[in-house]
Amino acid sequence: MHVSFDLAAALDTALRTAAGTAGMDVTAFNPELRTADPRHGDFQANGVLSYAKARKLNPRAVAEQLVAALPASTQELCTAAIAGPGFINFTLTPAALLAWVQAQNSVEHLKAGAASLHHGQRYVVDFSSPNTAKQLHVGHVRGMVIGEAICRLLAFCGAEVIRDNHIGDWGTQFGKLIWGYKHLLDASALASDPLEELERLYKAADAATKADPATLDAVRAELVKLQAGDPENLALWHTIIALSAGAFTEIYRLLDIHFDHQLGESFYNDKLPQVYAELASAGLAEESQGALVVFHPEHPRFKTQPFIIRKSDGAANYASTDLATMLYRTEHFRADAIAVLTDARQADHFEQLALTTQKWFAKTGRQFPRFTHVSFGSILGEDGKAIKTRSGDPIKLKALLAEAADRAFILVTEKAPDLPEAERRDIASAVGLGAIRYADLAQNRSSDYVFSWDKILSFEGNTAPYLLYAVTRVRSIFRKAGLDPTDPTATAGATAPETPAELALARKLATFPVSLQLTTTQLRPHFLCTYLYELAGEFSSFYAAEKVIVDDPAIRARRLLLCARVLLILETGLHLLGLRTLARM
RNA sequence: GGACCCGUAGCUCAGCUGGAUAGAGCACUUGGCUUCGAACCAAGGGGUCGGGGGUUCGAAUCCCUCCGGGUCUACCA
């Protein structure tokens, strides 16, 4: 029996074909196929309801004609039943489930199946994008983690992904940094912890300008010299961004985060005049209060709220560089789609950016790529207020990650005291970092995130440790049986799933493609998290209900087959999310 | 003032272009390890989906309005 990777897509196609056979208006008919409540089946199609209503037809009669017209291959795959006012419920046959599970025998196979989702699409994904000379803190972790997961997911689903770290490496902070570097530098502190020292210099310089107007002038002079290309200041600027990049790289390595490019704001300096000129000649930009701005008359808000693309003093701001960045990504990278990850507070800016770019490109005959501002909620303290406004410094990411691993180590030691310490440290690292990462991914990104140690390191419910634990249990079965989960001989002769637990598990496996589709089209990793959590839950129930290593060779093989595929999909999914999986914990 | 986000069980959250009796976890009650890992599983109680209107075969989901919380709103990013 041939079964395709994406059964939902196959059923959707079959229904559209059947609609043609049954003489329905194919262009107007959307099957509205979705996963169903297990009480009703595996998938359901609701489309006949709206179709029949619009034509004043009896929906049940339409559903019956449609089901009768389904191709033979579909009838082999599943049973179709009409329920209620005209729902069509599809239940995959055990034979079809077996065929699907058997077919998905490697990561490569899953990837090949998923590739149809975004094949041929080139995405530029802009994420992390920290400011030079500022330490990464808890507020940065969400964008980093979500961005990395989105890149991996899109690439897995066939897209060509270009990862760009749009670092804030140019701007007014460099006046203070350079002045501070020249007058207040503690060389030994810089050697031991460069970012700590740069941050101290910035704060000290900032305080000095407030205390003494002469210092303020000196700071401004340093900035002017830098922008004029003064060799000494330019060299210092290079030094500072190199030190900063080194510190960032350390964290990126720890979190397994990668970039293809790190084109910071400074990269676009020489590309700004073209932006001003084109927007002016296109009639989009105008002078207002001395600044160059763009209004959008059709927009309820941006008709009066300007998009300031050049400041009244002639200097650039982030609208200027972001416009240049849009152009570069379109022309140089030839992006079909651009995704920028920042917190939701910048929503206005990116809406204005998208509107402006769309009009600009339309006027100049350029193709406007699909643009998505992948926004996410702020990190809040336990008091519900923005974490940055709490008294004292925000929690540094380095310290956060170290503490997560330390806390996980205590737990690992408690649960598995017999393992050697080196292995417990390694496990604690995977569990602790995974817990932080997963906590950021599992919640819908549009909501604010309340940071709490207890929540991040809670190892119960929909969390990293629960999923990692499920992986180790599957691995343990194979280890105890002396089998290799990737060896087809271990699962040869498997029969179709029979018991309720086997069937439920096989069905959950077969809806993996749906979770990929949802996750990558909406760029919301929590859909995949929810799926993996449900899969791990089905496995845990199965594991408690059925013994895998039994004497009957057919039953044993089919249960081992299910276990092998749970392992494959669980690990594939977790790796896409950026988690490291374990053999023991 | 205006725009956007959010409001679902005591707490933390899912709920996919409107679908069938709104779901998980934590906490609480109860049961399950001499048998593949109990960081687990099974069962139970707990809801006027912020309030009120509307749209329709059907609304947590869409529209209007009000309440409550948050963010943004001319030269920081």
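Proteins come first, then strands; the chains are lettered A, B, ... in the order of their sequence lines, and each starts at number 1.
Within the 4.0 angstrom heavy-atom criterion, base atoms lie near Glu546(A). Nucleic acid contact for Phe307(A): none, since no nucleic acid atom lies under 4.0 Å from a heavy atom of the residue. Among the protein residues, His526(A) comes within range of the sugar-phosphate backbone only, with heavy atoms under 4.0 Å from sugar or phosphate atoms but none that close to a base. As judged by a 4.0 angstrom heavy-atom cut-off over every strand, Ala291(A) is placed among the base-contacting residues. Residue contacts for Ser476(A): at a heavy-atom cut-off of 4.0 Å it reaches a base atom on one of the strands shown. Residue-level contact check: Thr35(A) touches the bases, meaning some heavy atom is under 4.0 Å from a base atom. Using a 4.0 Å heavy-atom criterion, one finds that Ser375(A) contacts no nucleic acid atom at all. Using a 4.0 Å heavy-atom distance criterion, Phe302(A) is classed as making no nucleic acid contact. The residue Arg584(A) sits close to a base: some heavy atom pair falls under 4.0 Å.
Rounded to a whole Å, the CD atom of Gln346(A) is 22 Å from the P atom of A3(B). Look at CZ on Arg424(A): it is 16 Å from P on A39(B), rounded to the nearest Å. The distance from atom CD of Gln352(A) to atom C1' of U73(B) is 9 Å, rounded to the nearest whole Å. Here A77(B) presents its P atom at 12 Å from CG of Asp169(A), a figure rounded to the nearest Å. Between Arg310(A) atom CZ and C75(B) atom P there is a gap of 17 Å when expressed in whole angstrom units. Residue Lys176(A) contributes atom NZ, which lies 10 Å from atom C1' of C76(B) at whole-angstrom precision. Lys415(A) has its NZ atom 16 Å from the P atom of G37(B), to the nearest Å.
As rounded to the nearest Å, G31(B) and C36(B) have C1' atoms that lie 22 Å from one another.
One N or O donor and one acceptor, one from the side chain of Tyr318(A) and one from the base of A77(B), sit under 3.5 Å apart. With hydrogens and angles left out, the side chain of Arg301(A) and the base of C72(B) share a donor-acceptor pair within 3.5 Å. Between the side chain of Ser312(A) and the base of C75(B) there is at least one donor-acceptor pair of N/O atoms closer than 3.5 Å.
A heavy-atom distance below 4.5 Å is not found between the side chains of Gln305(A) and Phe295(A). No side-chain heavy atom of Ile178(A) sits under 4.5 Å from any side-chain heavy atom of Leu223(A).
No more than 12 heavy-atom neighbours from other residues, nucleotides or ligands sit within 6.0 angstrom of NZ on Lys134(A).
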Evaluate side chain to side chain contact (heavy atoms under 4.5 Å, CB included) for Phe478(A) paired with Asp484(A), printing each intermediate quantity in order. CA-CA 6 Å; Phe478(A) 285 94; Asp484(A) 174 356; over 6 Å; no

Base-contact (B) and sugar-phosphate-only (S) positions in nucleotides 18-24 of chain B, heavy-atom cut-off under 4.0 Å, - elsewhere: -BB--SS

